[in-house]
2 protein chains.
Amino acid sequence: MARMNPDLRRESIVAATLAVMQRQGIAATTVRDVAAALGTSSGLIHHYVTSMDELITEAFERAATEDLERAAAAVSGGSDPIDRLRRFFDSYTRADDDSGMQLWLDAWAEAARRPALQQASRRLNEDWQQLICQLIRDGCAAGVLSSEDPEGTAWRLLSLLDGLTLQCVAHGDTITREQVALWSHRAAEMELGLPQGTLS
Amino acid sequence: MARMNPDLRRESIVAATLAVMQRQGIAATTVRDVAAALGTSSGLIHHYVTSMDELITEAFERAATEDLERAAAAVSGGSDPIDRLRRFFDSYTRADDDSGMQLWLDAWAEAARRPALQQASRRLNEDWQQLICQLIRDGCAAGVLSSEDPEGTAWRLLSLLDGLTLQCVAHGDTITREQVALWSHRAAEMELGLPQGTLS
DNA sequence: ATCACTATTGCGCACCTGTCCAATAACTCC
DNA sequence: GGAGTTATTGGACAGGTGCGCAATAGTGAT
């Protein structure tokens, strides 16, 4: 393989690791797979990364952070709180494929055994909850929706989305993506005192 | 190791497998670990079981089925639907430790790579949903609660419980068991047209 | 053109995995 | 007691794992 700028090389390693993780799952991601995906040798990976654990955590953290930023971008701009809420559910529900969520399933399961991964996963979940919470507070301030416990409501909505998507990804089509969207809308309408159908 | 009745032996192998799975996680459970837990040799395991995959699926299926039956037992008897609902949430929320739910996290993550496990997991989830659904229908028939979509409501409540418990188990104490109970009660009250505080 | 530097290689090491199998030990029945 | 059955053993096998390291090749400065 041609020589490469170290920063770019490290970048490409993390990117390749992420791709392998999404395809094969965290537990089945090996140094050799990542090297093969890059068309290089396994030794090179260890020249840039001290351990496989560190690499996996870093790749997950990057992917998850990008997801969050995408959601944050989706709800920014346009000041109608109801519309921002709609856009939030859209960005969560309309993932291109299941690999993103499958990565979360892996991370949750592995968290108990990988402290660094647990810390990253935990922090990112709290950020998601804060994103929803802010959306609710803004809507309350604007007077278009109501919640007597924005923090709790945000946790309930996030957990419901996680739980529904989980069914979707882990069990094939026990429930469909359309149902995830519809049902999370219904729950949000109940939580926020909105007329049924406002979000769908 | 002393000779043992084949049926009892098989029983003990599945039980030992389950114990190892709960301690180390599904992915890290090996034939040798199970054999060591029993104080026997690894060859013995394969004398009773055709493959490791089959063994893991069987152990998970047994543990999960027992959980479900415990919940079903908790809601049977006593005909007050509200009280049965309360008992259901109690039995789900008051697990002795986290290892039971951790097993579910593992199963959901592994489901994508183990078809037999996915099938078992899927079927058991549907059974849980049916259990809740029947509870709701009974309450509707008795006129003490209302739901215009019992199937959907059951999926939402189950997914919410899964999502909340997930946060609890995967992320330490991001949210507490008490909050899981309280928040799922709130959601159920909203879903079923019950006055706030009915279930807590 | 020669040098120092370092990105990259590819193999070796120790260890782990599921599965299989001949040998052995323990039990039952005659 | 001897014979037949089978539960149990312990190691062999082929393959996989993360990691380390001497050797190599490409690069920029002198």
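Residues B:Q129 and B:N125 have side chains not in contact (no heavy-atom distance under 4.5 Å, counting atoms from C-beta outward). Proximity of B:P195 to B:E189: side-chain heavy atoms (C-beta onward) are nowhere separated by under 4.5 Å.
We find that B:R86 and B:D83 are joined by a salt bridge, their nearest charged nitrogen and carboxylate oxygen being less than 4.0 Å apart. The pair A:D106-B:R113 meets the salt-bridge criterion, since a charged nitrogen lies less than 4.0 angstrom from a carboxylate oxygen.
Between A:E110 and A:A27, the closest heavy-atom pair is OE2-CB, 3.8 Å.
At whole-Å resolution of the value, CE in B:M4 and C1' in D:dT6 are 15 Å apart.
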Check nucleotides 23-28 of chain D for protein N or O atoms closer than 3.5 Å to its own N or O atoms and list the pairs.
residue, atom, partner, partner atom, Å
D:dG26, N2, A:R3, NH2, 2.8

Set out, line by line, the N/O atom pairs under 3.5 Å between protein and nucleotides 28-30 of chain C.
none

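Direction change of the helix axis from one end of the helix from C:dT2-D:dA29 to C:dC30-D:dG1 to the other is 0°, with five pairs defining each end axis (rounded to 10°).
Residue A:H46 has a polar side-chain atom (N or O) positioned under 4.0 Å from OP1 or OP2 of D:dC19.
Along DNA chain C, the nucleotide nearest A:N5 and the nucleotide nearest B:D33 are compared for position; the residue whose nucleotide lies closer to the 5' end is A:N5.
Residue pairs meeting the salt bridge (Lys or Arg N to Asp or Glu O under 4.0 Å) criterion with at least one member in residues 150-161 of chain A, sequence neighbours excluded, are A:R137-A:E151, A:R156-A:E191.
Within residues 48-60 of chain A, the residues having any heavy atom closer than 4.0 Å to DNA chain D are, in order of number, A:S51, A:M52.
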B/S/- along nucleotides 10-16 of chain C (protein heavy atoms under 4.0 Å) is BBB----
